[in-house]
Student: 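The structure's right below; bear with me while I get my questions together.
In what follows, chains are A, B, ... by sequence order, proteins preceding strands, each numbered from 1.
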There are 2 protein chains.
Amino acid sequence: MQIELKIAMNQHLFIKDPEGSELGRKILFHAVEMIQLNGFEDFTFKKLAKNIGTTEAGIYRYFENKHRLLTYLTAWYWSWLEYQIHIQTKNIKDPKSKLKIVIMILMMKSTSEAQSLHINEQKLHQIIITEGAKAYLTHHVSEDNKIKLFKPYKDLCASISNIILENNKNYTYPKSLASTIIENSHLQVFFNQNLPSLTDYSSKKNDKEIISFLEHLVFSCLKIS
Amino acid sequence: MQIELKIAMNQHLFIKDPEGSELGRKILFHAVEMIQLNGFEDFTFKKLAKNIGTTEAGIYRYFENKHRLLTYLTAWYWSWLEYQIHIQTKNIKDPKSKLKIVIMILMMKSTSEAQSLHINEQKLHQIIITEGAKAYLTHHVSEDNKIKLFKPYKDLCASISNIILENNKNYTYPKSLASTIIENSHLQVFFNQNLPSLTDYSSKKNDKEIISFLEHLVFSCLKIS
DNA sequence: CAATACGGATAGTATTACTATCACAGATAA
DNA sequence: TTATCTGTGATAGTAATACTATCCGTATTG
């Protein structure tokens, strides 16, 4: 059984809904391929158009500019993560197990059967590791925030925050700890792959130690052994 | 007494040493002003040249491109931080106090008397919060790493890592924890200023709670009460 | 049948990110 | 003293980027 997944996206993230047409879906698919392969700076709408077989103007009918497309992809990713957390923890009683599942999902070691057809989640995860922070590290973050572009991130953070509080209802900084483990789960992978002397992991391929580090960090903060 | 501070920079960070000439120092000074004011994306060599009263070609004699200039500024910042940690902890015996000083320095709440004449450390700190990660979050991070552009970051991380081990010599991930608190000290400030619902702080202006969060995190990991 | 949506094709502009060349003034070295 | 080197200014030019605009055909729908 293949369950298709459709995530509702904020209207301001696009001009025309890319999931609603063939060309739109091609844009998403090829954008993910290209950004993952050569990075966001090298990525241009002209190259994307050429890859798809359409024109630059064709892409601009869907997205205002490439930064908005990146914001779209990150928003999609946050929503997808929150959905994963929701379905994979809903039948779990033990709060500690829930938190471990959250970390596994953040590290992409656990995916439910539901898949998106035109967005490759593994490749998108790789994009988020390197480019995700660029979606909000801008001079226009406040305007973007006003039109709710980062709502999926906040919702994800709130979900994880609640699971943190289930583990220790007296913990003072549940949201800060949530944003810390979200960002740090990406950063530690990036460092392990590219600047390993900023970490202590013995293997570049295996993420077990990163997971162990993150679990230790979270459970230490929450005083759970 | 004014103590001037001169930081030795990797030769690959520039074409001509900007600290060695009047124009070079103007480039650094105005680059910091401009990037802090309007962000790195808006910053161009043409605008910088106009602000200084020189030409675009004049800037290119000092830096290959604007990304390399950003890398220069971040490298300078890491070196400066490590120096601050060195002098401000050298007479401290208690490892826990040392670690608290490290956190204060990362949060720019503690500066020694030595100052740089043409680089404003407070403004540079603001730049690092928003733009610092962009220095390494690139497709060419490995090549940049090969020519040692990130050595100051690694040295800083190693210094903090050693102080962590002084607190708990059995802790398994001292460098990972060091890179975590470095990056997170910036991120939590950014979130507090721009996306506060990702945090739990009550004041946008006061960093006390961020410091308290970071201290709790570190000392929990190290099992120190 | 008319209206509208979708997308292909072409053109054009301002800005960005450089590269190259020439000229000149002041310091230094032979 | 003359030659040279260094630092900077001035000007020009190019390829690519990041858009914007217009036109036009085709498919869908009401």
Student: Can you check the A/R61 CZ to D/dA21 C1' distance for me, whole Å?
Tutor: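 Whole-Å distance recorded here is 11 Å.
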Student: Rounded to whole Å, please give me the gap between CG in A/L23 and P in D/dT26.
Tutor: 18 Å
Student: Rounded to the Å, how far apart are B/F45 CZ and C/dT19 P?
Tutor: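 The distance from CZ of B/F45 to P of C/dT19 comes to 11 Å, rounded to the nearest Å.
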Student: Under a 3.5 Å distance rule, please check whether B/K47 uses its side chain to pair with a backbone N or O of B/D42 as donor and acceptor.
Tutor: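 Flag set: sc B/K47 to bb B/D42 pair under 3.5 Å.
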Student: Would you say A/T55 reaches C/dG7's phosphate, i.e. side-chain N/O to OP1/OP2 under 4.0 Å?
Tutor: no
Student: Are B/K148 and B/D155 within salt-bridge range, i.e. N to O under 4.0 Å?
Tutor: no
Student: The side chain of B/T44 is closest to which nucleotide in this list: D/dT17, C/dA17, D/dT20?
Tutor: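 So the nucleotide nearest the side chain must be C/dA17.
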Student: So what does B/F63 hit on the nucleic acid, given a heavy-atom distance under 4.0 Å: a base, only sugar-phosphate, or nothing?
Tutor: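 Since no nucleic acid heavy atom lies under 4.0 Å of B/F63, the category is nothing.
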Student: May I have the distance from A/N65 (atom CG) to D/dT20 (atom C1'), rounded to whole angstrom?
Tutor: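 In whole Å, D/dT20 C1' and A/N65 CG are 13 Å from each other.
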Student: Grab the CD1-P distance between B/I52 and D/dT8 for me, whole Å please.
Tutor: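 About 11 Å, once rounded to whole Å.
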Student: Tell me whether the OP1 or OP2 atom of C/dC6 has a side-chain N or O from A/K16 closer than 4.0 Å.
Tutor: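 Result: yes.
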Student: Report yes if at least one side-chain N or O of B/Y62 is closer than 4.0 Å to OP1 or OP2 of D/dT8; otherwise report no.
Tutor: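 Looking at the OP1 and OP2 atoms of D/dT8, one of them is under 4.0 Å from a side-chain N or O of B/Y62.
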Student: May I ask you to check if B/K66 and B/F40 form a cation-pi contact, with NZ or CZ under 6.0 angstrom from the six-membered ring centre and within 45° of the axis?
Tutor: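 Output yes; distance and angle both within limits.
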Student: Strictly below 4.0 Å, N to O, side chains only: are B/K146 and B/E143 in salt-bridge contact?
Tutor: no
Student: Separation of B/F43 atom CZ from C/dA17 atom C1', in whole Å?
Tutor: 13 Å
Student: Scan B/E64 against the nucleic acid and name what it touches under 4.0 Å (heavy atoms): base, sugar-phosphate only, or nothing.
Tutor: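 Sugar-phosphate contact only - B/E64 comes under 4.0 Å of backbone atoms but never of a base.
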Student: Ion pair present between A/K134 and A/E41, side-chain N to carboxylate O less than 4.0 angstrom?
Tutor: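 Yes, charged N to carboxylate O under 4.0 Å.
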Student: Find the distance B/K46:NZ to C/dT19:P and express it as a whole number of Å.
Tutor: 15 Å
Student: Expressed as a whole number of angstroms, how long is the span from B/E22:CD to C/dA25:C1'?
Tutor: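 Atom-to-atom, B/E22 to C/dA25, this comes out as 17 Å.
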Student: If you assign B/E56 and B/S21 each to the DNA chain D nucleotide with the nearest heavy atom, which residue ends up on the more 5' nucleotide?
Tutor: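 Of the two residues, B/S21 wins.
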